[in-house]
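Heads up, the thing below is written out as structure tokens.
Numbers restart at 1 for each chain; the letters A, B, ... are given by sequence-line order, proteins then strands.
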Amino acid sequence: MLTARCPRQTAESLFQMNILSELRDRFRPVLEQLTDDAESLLEMIRPSQDPRFGDYQANCAMPLGRVLKKPPREIAERIVSELNVGDLCEPPEVAGPGFINLKLKDAWIAKCIGDIAGDDRLGSEPVKNPRHIVVDFSSPNVAKPMHVGHLRSTVIGDAIARMLRFAGHQVTTDNHIGDWGTQFGMIIYGYRHFVDADAWQTDPVGELARLYRLVNQLTEYHAARESLPGIRKQLEDRRAALQQLEMDSQADDGSRKKQKKAMRRQIAELEERLQSLQARIDAVESSAELRNQAREHTDIARLSRLETSRLHAGDPENRALWEEFLPKCLEALQRVYDRLQITFDLTRGESAYHDELAGVVAELKDRGLAVDSDGAVCVFIDGNEAPFIVQKTDGAFTYATTDLATIAWRVRELQADEILYVVDSRQSEHFRLLFATADRWLEQPPSCRHVAFGTVMGRDGRPYKTRSGDVVGLESLLDEAVQRARPVVDANDDERDEPLLTEEDRRRVADIVGLGGIKYADLHHNRDSDYVFDWDRMLATTGNTAAYMQYAFARICGIFRRLGIDRSAVAASDGPVLLPTAEERTLALQILRFSEAVDDVLADYRPHLMTVWLFETAGCLSRFYGACSVRDAETPDLRNSRLLLCDLAARGIRTGLSLLGIETAEVM
RNA sequence: GUCCCCGUAGCUCAAUUGGAUAGAGCGUCGGCCUCCGGAGCCGAAGGUUAGAGGUUCGAAUCCUCUCGGGGAUACCA
């Protein structure tokens, strides 16, 4: 099996190397003769799950059989007889109820490998109709320190933005930070009453975080004390009711059983709430200082809300404090983003839209979309019980109003075609109402999409917290990741006869492995399921992890280094692509599927489909190593061909990881 | 109460959105090799896809009900 490599493609002559698209192009004219709706049937051409059924399969004969009222096998035979795929496939086979199985010719795979050998995009073609897509992600509240909850939005949003950009879309990443909300009133109040002047001088951001936590704690303390008697009463009532029910009913019928069950659950919930309220109260009362502060600031909740509304009303002193606090908060955020290598084109927080909110509400009312209801201004969307509140009884606007103003701005100023919100799935109702409102309000509403994701859980199956029950700060999380990655890096290098890494190298590699591990663990889960945060699995050197993938890359680099061969020289050389073994063929085909992986991710914004490709590629690579020696290849051509496969696999892995925001190291 | 999501191997997750015999990793057990980076490769065990009906050539996936878990639910963002 031997095929001459095509002449190098120039950068200008972009070509397509997407097997699925190619096959669909071949099927299209045939299917168009049979039906008006060829496109939906073309979707049914897909990679085979089982290699026994070839490389790809077309499942369109069965549904077509129903429409045309003919046996599906007969239709499949007809499609096959009219299909022109002789240059790329072995003769197609019809199997089962009417599956058409397609096996690619080795020669064609080899030719395609030759075509993409010099291509940095591995044959992934930029989209023909680029759109302007705003990706709204991360969006922390500035006065509060970032925590593990912000990680998913940040990592998933960044990966999606990178891939959209790679695919050729115009992308604007926008960090819609919370820089105008109630938390600012809280730190203003805290600053006025509790600031530690020395701490403020040396570590302003840390001091602001402390002030926020303090005010929050005191506020919750008073709220807890206030609600405690009510909860106790409820609990007693429930317990009494349950007892009554148990005495009344000798014979349990179904509904009574259910009632009791519901009651027990309510009791358990109340007990839990009572416990956590009590813990909050105890935390304050066990410290003399906090006890005093609580006594002196009984009205803290109302007063800090007042600070917020003063800020919004333009009070010069509060405004000055805000101006002073904000840059320091942004700096702290930037530190985290720098470490994660995440950038935003825009950081337009809520404050940027403040002046437009009154206009938004007025316009909604004029258009009859918003109405007064119980003193608040609301938009009601059919089919939703909950209102979309754009102005509260006290006259303040809500995040609903801000989000509407933001959409309008993005359409007006950015000419955005599409907006993606990478936000926790718990906010899906908000977005449903937001999008429905925007659709009715704007003349040319953009296409909006809530890219939702689940909660980060601990190993106990509950939301990830520290042992004391606090949320985990993001910076300490990143520190721990790097710290845990270091022994893994050390162990690998120490095993060598001659260690390759300097102290500085090791630090850098630990950074890459640790931070990559955190990102990869998040991204390799289907985004809408909750996922369990587990250090050991995250940094494992086996299995579907960043470390394993980074290792696969470094291993190839090591082979080239040991053989004294420059990788770029291999990609640029002209020589035949040879695929004599099953392992070489499988690896080659897998490499050609890179562009499918990019398409799959973007079809529904699911980065985990890229990790699937990466993991399968690494698997193909390992099997290839086992079966095919590069160094001891029988002929120079074969060796060169194998080097080319190695180089392409390495570049595929590096590119795939980089689209997920994950780095690689040539030596690790 | 209403609405939304979920339930797949011991554990963590997939399953190309209705396709063929439900797949990986970890863990367990058993093999391989003087192995270019073994962080490897091959194999085994492990499943009534929570349960019951239904739709059709075909269901983990769609519909109905039951059980179990989570979330949202009028002025926090």
Side-chain angles (χ1 to χ4, degrees), chain A residues 20 43-44 46-50 52-53 57 59 62-63 65-66 71-72 95-99 101 139 141 178 180-183 254 305 350 373-378 383-394 396-400 402-403 424-430 432 452 454-455 459 461 488 491-492 495-496 500 521 524-526 528-532 534 536-537 540-545 547-548 550-552 554-563 596 599-600 603-604 606 608-609 611-612 615-616 619 621-623 625-633 642 646 667-668:
Chain A
L20 261 181
E43 304 261 309
M44 306 186 79
R46 50 187 57 161
S48 299
Q49 298 242 2
D50 191 320
R52 283 182 303 126
F53 303 133
Q57 59 177 274
N59 302 338
M62 281 85 78
R66 200 171 321 179
F99 295 106
N101 292 336
S139 312
N141 279 320
W180 198 243
T182 46
Q183 82 277 12
R305 271 203 305 276
E350 294 168 334
S373 171
D374 290 351
V377 182
C378 306
N384 294 82
E385 213 173 298
F388 194 55
I389 300 176
V390 292
Q391 190 169 18
K392 300 190 286 182
T393 327
D394 65 2
F397 303 107
T398 68
Y399 71 126
T402 313
D403 280 352
D424 195 314
S425 58
R426 279 173 294 202
Q427 295 196 37
S428 59
E429 189 175 23
H430 166 72
R432 212 170 47 234
T455 311
R459 286 213 277 190
V488 178
N492 184 54
E495 253 176 47
R496 296 188 168 106
L500 293 169
H524 104 268
H525 291 89
N526 194 342
D528 41 29
S529 54
D530 296 342
Y531 95 93
V532 176
D534 182 337
D536 296 332
R537 261 202 300 272
T541 53
T542 59
N544 197 350
T545 65
Y548 176 74
Q550 288 162 327
Y551 177 78
R555 193 176 173 192
I556 300 175
C557 295
I559 288 174
F560 277 89
R561 196 168 49 245
R562 290 282 291 267
L563 296 179
E596 284 175 24
D599 291 351
D600 287 346
D604 200 28
R606 298 193 180 274
H608 84 277
L609 294 174
T611 70
V612 170
F615 189 60
E616 283 174 357
L621 204 52
S622 279
R623 268 163 262 141
Y625 278 137
C628 311
S629 175
V630 176
R631 184 190 53 198
D632 303 328
R642 287 176 177 172
C646 285
V667 186
M668 62 184 281

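Base-pair partner of B:A44: B:U28 (Watson-Crick or G-U wobble, both distances under 3.5 Å). B:U16: no Watson-Crick or G-U partner with both key distances under 3.5 Å is found in any strand. Shown here, B:C62 forms a base pair with B:G54; the pair counts as Watson-Crick or G-U wobble because both key distances fall under 3.5 Å. Base pairing of B:A22: no nucleotide in any strand meets the Watson-Crick or G-U wobble criterion (both distances under 3.5 Å). Pairing for B:A9 is absent, judged as Watson-Crick or G-U wobble with the two contacts each under 3.5 Å. Across all strands shown, B:C3 pairs with B:G71; the Watson-Crick or G-U wobble distances both stay below 3.5 Å. Nucleotide B:C35: unpaired (no Watson-Crick or G-U wobble partner with both distances less than 3.5 Å).
Between A:Asp424 atom CG and B:C5 atom P there is a gap of 16 Å when expressed in whole angstrom units. Atom CZ in A:Arg432 sits roughly 12 Å away from atom C1' in B:G71 (whole-Å rounding). With rounding to whole Å, A:Gln427 atom CD is found 15 Å from B:C5 atom C1'. Rounded to an integer number of Å, the gap from A:Asp394 CG to B:A74 P is 16 Å. For the pair A:Arg426 CZ and B:C76 P, the computed distance is 18 Å after rounding to whole Å. We find that OH of A:Tyr548 is positioned 13 Å from C1' of B:G37, with the value rounded to whole Å. Distance A:Tyr551 OH to B:G25 P: 18 Å, rounded to the nearest Å. In this entry the distance linking CD1 of A:Ile389 with P of B:A77 reads 10 Å, nearest Å.
With rounding to the nearest 0.5 angstrom, the CG atom of A:Asp50 is 9.0 Å from the CD atom of A:Gln57. Here the CG atom belonging to A:Asp600 is positioned 11.5 Å from the CZ atom belonging to A:Arg606, to the nearest 0.5 angstrom. In this structure, CG in A:Asn526 is found 10.0 Å from OG1 in A:Thr611, a value given to the nearest 0.5 Å. To the nearest 0.5 angstrom, A:Tyr625 atom OH is 13.0 Å from A:Arg642 atom CZ. In this structure, NE2 in A:His525 is found 9.0 Å from CG in A:Asn544, a value given to the nearest 0.5 Å. Once rounded to the nearest 0.5 Å, the distance linking CZ of A:Arg537 with CZ of A:Arg459 reads 7.5 Å.
A:Gln57 comes within contact range of at least one nucleobase, with a heavy-atom separation under 4.0 Å. Across all strands shown, A:Ala554 has heavy atoms under 4.0 Å from base atoms, whether or not it also approaches the sugar-phosphate. Residue contacts for A:Pro72: at a heavy-atom cut-off of 4.0 Å it reaches no nucleic acid atom on any strand shown. Here A:Asp600 lies out of heavy-atom contact (under 4.0 Å) with every strand. Among the heavy atoms of the strands, none lies under 4.0 Å from A:Glu616. Within the nucleic acid shown, A:Glu385 comes within 4.0 Å of at least one base atom, counting heavy atoms only. Here A:Ser622 lies in heavy-atom contact (under 4.0 Å) with sugar-phosphate atoms only. A:Asn101 comes within 4.0 angstrom of a base, heavy atoms only. Here A:Gly543 lies in heavy-atom contact (under 4.0 Å) with sugar-phosphate atoms only. A:His608 comes within 4.0 angstrom of sugar-phosphate atoms only, judged by non-hydrogen atoms across all strands, and of no base. Residue A:Val630 is in base contact, counting any heavy-atom pair closer than 4.0 Å across all strands shown. Across all strands, A:Gln49 comes closer than 4.0 Å to base atoms (heavy-atom distances). Using a 4.0 Å heavy-atom criterion, one finds that A:Leu563 contacts no nucleic acid atom at all. Counting any heavy atom pair closer than 4.0 Å across all strands shown, A:Cys557 reaches no nucleic acid atom.
If you take atom C1' in B:U61 and the same atom in B:U56, they sit 14 Å apart, rounded to whole Å. Across B:A60 and B:A52, the matching C1' atoms stand 16 Å from one another, rounded to whole Å. Look at the C1' atom in both B:A59 and B:U17: the space between them is 12 Å, to the nearest Å. Atom C1' of B:A39 sits at a distance of 44 Å from the matching atom of B:A77, rounded to the whole Å. Between the P atoms of B:U12 and B:G53, the separation comes to 29 Å (whole Å). For the C1' atoms, the distance linking B:A15 with B:G1 amounts to 37 Å, nearest Å. Rounded to whole Å, the P atom of B:C62 lies 33 Å from the corresponding atom of B:G43. B:C36 and B:G31 are spaced 24 Å apart, taking the C1' atom of each and rounding to whole Å.
In this model, no side-chain donor or acceptor of A:Arg623 finds a partner on the base of B:G40 within 3.5 Å. A donor N or O paired with an acceptor N or O is found under 3.5 Å between the base of B:A74 and the side-chain atoms of A:Ser373. In the interface, the side chain of A:Arg52 is paired with the base of B:U21 through a donor and an acceptor atom under 3.5 Å apart.
Remark: the backbone N or O of A:Thr455 is paired with a side-chain donor or acceptor of A:Asp530 at under 3.5 angstrom.
Across B:U12, B:C76, B:A39, the shortest atom-to-atom separation from the side chain of A:Thr182 is found for B:C76. When distances run from any side-chain atom of A:Arg537 to the nucleotides B:G37, B:U12, B:G19, the shortest one goes to B:U12.
The shortest distance between the side-chain N/O atoms of A:Ser529 and the OP1/OP2 oxygens of B:A14 is below 4.0 Å. Side-chain nitrogen and oxygen atoms of A:Asn526 include at least one within less than 4.0 Å of the OP1 or OP2 phosphate oxygen of B:A15. Under 4.0 angstrom from either OP1 or OP2 of B:G37 there lies at least one side-chain N or O belonging to A:Arg562. Between A:Arg606 and B:U16 there is no side-chain N or O to OP1 or OP2 distance below 4.0 Å. For B:C26, one of the phosphate oxygens OP1 or OP2 lies less than 4.0 angstrom from a side-chain nitrogen or oxygen of A:Thr542. Contact check, A:Arg46 against B:G19: a side-chain N or O comes under 4.0 Å of OP1 or OP2.
In this structure the side chain of A:Ile389 never reaches within 4.5 angstrom of the side chain of A:Ser373, judged on heavy atoms. For the pair A:Arg561 and A:Leu500, the minimum side-chain heavy-atom distance is below 4.5 Å.
Looking at which nucleotide of RNA chain B each of A:Ala376 and A:Asp604 is closest to, the 5′-most match is held by A:Asp604. Checking A:Ser629 against A:Arg305, the closest nucleotide of RNA chain B that is more toward the 5' end is the one next to A:Ser629.
In this structure, the aromatic ring of A:Phe53 is positioned over the six-membered ring of the base of B:A20, centres within 5.5 Å and planes within 30°. Under the stacking definition used here (centres under 5.5 Å, planes under 30°), the residue A:Phe99 qualifies as stacked on the base of B:A20.
Regarding the sugar-base torsion, B:U49 falls in the anti class, its angle being beyond 90° of 0.
Taking the centre of each ring, A:Phe615 and A:His524 stay at or above the 6.0 Å mark.
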